[in-house]
Engineer: 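I'd like to ask you about the structure that follows.
Quick note on labels: first sequence line is chain A, next is B, and so on, each numbered from 1. Keep in mind it's a predicted model, so treat the numbers as computed, not measured.
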There are 2 protein chains.
Amino acid sequence: MKSERPTESVARIASMNASNDTPRHDPTRKRLLQAALEIFADKGFRDATVREICARAEVDVASVNYHFGSKEALYSEVLGFAYREASERYPYTKAGDKSLPPEVRLRHFIGNLLGRMLDDTYLGRHGKLLARELADPTPTGALDQVIETTMKPHCELLDGIVAELVGPGYSEADMHRLGLSVVGQCLMYYHSRSLIDRVYPEIIATPEDIERTAEHIARFSIAALKHLHLEKPAPHRAG
Amino acid sequence: MKSERPTESVARIASMNASNDTPRHDPTRKRLLQAALEIFADKGFRDATVREICARAEVDVASVNYHFGSKEALYSEVLGFAYREASERYPYTKAGDKSLPPEVRLRHFIGNLLGRMLDDTYLGRHGKLLARELADPTPTGALDQVIETTMKPHCELLDGIVAELVGPGYSEADMHRLGLSVVGQCLMYYHSRSLIDRVYPEIIATPEDIERTAEHIARFSIAALKHLHLEKPAPHRAG
DNA sequence: GGTCAATTCAAACGTATGTTTGAATCGAAG
DNA sequence: CTTCGATTCAAACATACGTTTGAATTGACC
């Protein structure tokens with residue numbers, strides 16, 4: 001038996017999205033968003049409980065239903081919020097600045113992306129939440145919107161940089177594979193952190209190590225892109 | 001109030017591990033392992049339920065406790081089983097054959113690793129389960145053993161190939177970063193599958209596409225490794 | 001056939017969790 | 001001060017889920 005309240009809350013969320021984040025003074029809601037971001041990033045959607053989020057936000061468990069309508073709707077809201085905040089903390093303006101050489105732009109892109117994954121301050125949670133959602137999308141359907149509105153433009157930005165570095169003569173699919181080869185090197189530092197911490201803990205142990213890693217990824221990628229034409233595809237393999 | 005049964009089951013599991021997989025005719029247990037592998041790979045540890053696993057295996061829910069002691073112990077067993085089976089399906093013998101050139105060996109390594117991630121037949125679940133565990137380790141502690149006994153040797157194998165291709169003059173940490181740059185390109189095809197399917201679905205849509213992707217990763221990596229010495233590290237960045 | 005250990009079974013148990021409910025409280029406006 | 005909508009609250013609800021329990025069944029051995 002659903003009361004009328006969730007419908008009202010859902011409508012409120014819809015108007016929030018449509019108005020592109022109208023400023024609101026609503027301390028409870030803000031506290032919930034912040035607490036949820038921390039706990040969802042840490043534990044994922046399934047393991048995070050409404051009770052734990054509300055305890056951290058110091059509000060009553062019914063508040064999630066009142067302000068957001070459901071745990072899922074809260075998660076969707078948090079995901080969008082996370083992406084917007086990560087973009088502020090790690091902006092892509094230099095990567096998008098076409099007056100800079102493509103090598104420099106690529107370095108900025110990689111530094112930003114890796115920073116989001118590995119920043120252990122409170123803002124690193126945004127990147128972590130996104131990486132987690134990519135690896136195991138929640139049934140909320142929130143990922144589709146985030147990909148369309150924000151991640152896709154970043155993929156296109158990277159495709160442009162890659163195209164300048166590698167030169168002409170590659171299919172569209174291969175151009176995409178090139179971009180993914182760059183991005184994959186960064187994302188694995190989140191997705192395979194458990195392996196890295198056990199096998200090679202020294203390489204991202206400190207902020208300096210992280211910077212060295214970003215520089216290494218940039219160097220590896222630039223070397224690959226500039227010299228790809230020298231490596232011929234291998235002959236087709238049987239079976 | 002714990003009965004004596006779990007202790008007995010745990011001791012049985014320990015002797016299984018110690019004896020290096022003594023052959024056993026135990027249809028219920030086998031059916032549970034197989035069903036659990038499928039469902040754990042698909043849904044992860046938390047979302048998979050004992051009831052669903054038992055339904056698929058067509059056994060009673062108490063069987064998990066009887067044969068394995070707990071859901072966690074079942075998962076640990078499945079993880080080890082998954083890794084052993086994946087190694088049979090995608091062996092690393094050619095990648096480890098030092099009579100072959102390092103380029104060829106790297107191609108085999110990458111083809112194996114990517115195949116595990118993207119094989120949609122029943123055997124692909126092994127790689128998927130491992131990738132999932134890497135991204136979000138379960139509280140079972142099972143990952144430590146799998147990493148020590150099997151994944152670490154594969155990392156070392158790759159480190160050897162990389163060393164031959166890149167030549168001397170790099171620190172140990174940088175050698176590790178190089179290996180990870182290769183592995184990361186493969187792993188992202190699992191971990192970021194949700195993004196790829198939405199943004200660039202065409203690049204791993206068919207088995208032929210997957211092969212092209214493996215070839216691309218090999219080519220990118222070989223180009224990078226062979227020409228890394230031509231790319232100087234960028235100057236230190238402020239802030 | 002009887003005995004005994006192993007195995008299976010359905011029901012029960014104890015705990016967890018998202019959601020709902022109706023009352024109480026709060027804050028703004030008249 | 002009263003009214004009214006918004007918000008918060010604690011308790012309850014309905015469902016889910018890993019685990020336990022004691023009885024029933026099975027299979028091997030004598």
Engineer: Quick one: is B:N65 getting a side-chain N or O under 4.0 Å of the D:dT20 phosphate, OP1 or OP2?
Structural biologist: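 For D:dT20, OP1 or OP2 has a side-chain N or O of B:N65 closer than 4.0 Å.
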Engineer: Round to a whole Å and report the spacing from CG of B:D47 to P of D:dG18.
Structural biologist: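 Rounded to whole Å, this separation is 10 Å.
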Engineer: Map A:A48 and A:A62 onto DNA chain C by nearest heavy atom, then report which one ends up closer to the 5' terminus.
Structural biologist: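 This one resolves to A:A48.
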Engineer: Which of these nucleotides, C:dT19, C:dA10, D:dC17, is closest to any side-chain atom of A:R46?
Structural biologist: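 Side chain of A:R46 sits closest to D:dC17.
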Engineer: Which pair of non-hydrogen atoms, one from A:S221 and one from A:L106, has the smallest distance, and what is that distance?
Structural biologist: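 Smallest interatomic distance, heavy atoms only, reads CB-CD2, 4.1 Å.
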Engineer: What is the distance, to the nearest angstrom, from the NZ atom on A:K71 to the P atom on C:dT20?
Structural biologist: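 Spelled out: NZ on A:K71 to P on C:dT20 is 15 Å.
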Engineer: So, does A:H67 get its side chain near the phosphate of D:dT8, meaning an N or O under 4.0 Å from OP1 or OP2?
Structural biologist: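 Checking D:dT8 against A:H67, a side-chain N or O does come within under 4.0 Å of OP1 or OP2.
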Engineer: Would A:T140 and A:E72 count as having a side-chain donor-acceptor pair, cut-off 3.5 Å?
Structural biologist: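 Distance-only check fails for A:T140 and A:E72.
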Engineer: With respect to the side chain of A:Y66, which nucleotide from C:dT19, D:dT8, C:dA6 is positioned closest?
Structural biologist: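 Nearest to the side-chain atoms of A:Y66, counting from C-beta on, is D:dT8.
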Engineer: Under the criterion ring pair (Phe, Tyr, Trp, His ring centres under 6.0 Å), which of B:F68, B:F40, B:F81 is the partner of B:Y75?
Structural biologist: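 Among B:F68, B:F40, B:F81, the one meeting ring pair (Phe, Tyr, Trp, His ring centres under 6.0 Å) with B:Y75 is B:F40.
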Engineer: Taking only side-chain nitrogens and oxygens of B:T28, does any of them come within less than 4.0 Å of OP1 or OP2 of C:dT8?
Structural biologist: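 Answer is yes, contact under 4.0 Å.
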Engineer: Side chain of B:T49 only, heavy atoms from C-beta on: which candidate in D:dC17, C:dT19, C:dA6 is closest?
Structural biologist: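 Taking heavy atoms from C-beta onward, the closest nucleotide is D:dC17.
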Engineer: Do we see a donor-acceptor contact under 3.5 Å between the side chains of A:S63 and A:D60?
Structural biologist: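 The answer is no; no qualifying pair exists.
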Engineer: Mind checking A:S63 for me? I need base, sugar-phosphate or nothing, with any heavy atom below 4.0 Å counting as a touch.
Structural biologist: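 No contact.
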Engineer: 5'-most contact on DNA chain C: B:R51 or A:V61, nearest heavy atom basis?
Structural biologist: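 That would be B:R51.
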